[in-house]
Amino acid sequence: PAIAAASILAKVARDREMLVLDQLYPGYGLAKHKGYPTVQHQQALMDLGPSPIHRQSFAPVRRAMR
């Protein structure tokens, strides 16, 4: 139960952080997809390029950096 609760708390915290980051980095749709590599997010990466918060070791981000 403790691990399950911690997982839920971590997801809620991440979702809240994505709402804040969506305001700081508009155009990526972070409030909607919470940073997961949806088609919309990947298209935004190609259109806008990665933001400072994007993990450069992640394959979709690396592709957008070319």
Side-chain angles (χ1 to χ4, degrees):
I3 293 172
S7 175
I8 292 167
L9 291 173
K11 182 179 181 345
V12 169
R14 176 188 162 85
D15 289 354
R16 287 180 180 164
E17 183 175 2
M18 288 294 131
L19 294 174
V20 172
L21 292 172
D22 186 66
Q23 296 296 309
L24 295 173
Y25 302 103
Y28 295 97
L30 298 172
K32 181 177 180 183
H33 55 67
K34 308 299 188 270
Y36 288 100
T38 62
V39 172
Q40 175 198 6
H41 190 176
Q42 291 185 52
Q43 186 61 53
L45 280 170
M46 297 307 290
D47 294 344
L48 303 172
S51 74
I53 63 165
H54 281 96
R55 187 179 53 191
Q56 295 182 9
S57 63
F58 190 54
V61 176
R62 279 197 315 270
R63 281 193 297 272
M65 293 172 64
R66 294 182 190 171

Checklist entry - Rounded to the nearest 0.5 Å, how far apart are CG of Leu9 and NZ of Lys11? => result 12.0 Å

Checklist entry - Under 6.0 Å from the CD1 atom of Ile3, do we count more than 12 heavy atoms belonging to anything else shown? => result no

Next on the checklist: With rounding to the nearest 0.5 angstrom, report the CG to OG distance, Leu24 to Ser51.
Outcome noted: 9.5 Å

Checklist entry - Taking the side chain as C-beta and beyond, is there a heavy-atom pair between Met65 and Leu45 under 4.5 Å? => result no

Item to check | Aromatic contact, His54 with Tyr28 (centres under 6.0 Å) | outcome: yes

Next on the checklist: Can you confirm whether Ile53 sits close enough to Leu30 that some side-chain heavy atom of one is under 4.5 Å from a side-chain heavy atom of the other?
Outcome noted: yes

Item to check | Shared hydrophobic cluster for Met46 and Leu48 (ILVMFWY, side-chain gaps under 4.5 Å) | outcome: no

Item to check | Joint hydrophobic cluster, Val20 plus Met18, side-chain heavy atoms closer than 4.5 Å | outcome: yes

Item to check | From Glu17 atom CD to Asp22 atom CG, the distance as rounded to the nearest 0.5 Å | outcome: 12.5 Å

Checklist entry - Out of curiosity, Lys32 NZ to His41 NE2, how far, rounded to the nearest 0.5 Å? => result 13.0 Å

Item to check | Closest non-hydrogen atom pair between Gly27 and Ala44, with its separation | outcome: O-CB, 3.5 Å

Checklist entry - Around Arg14, counting heavy atoms of other residues, nucleotides and ligands shown, do more than 12 lie under 6.0 Å from its CZ? => result yes

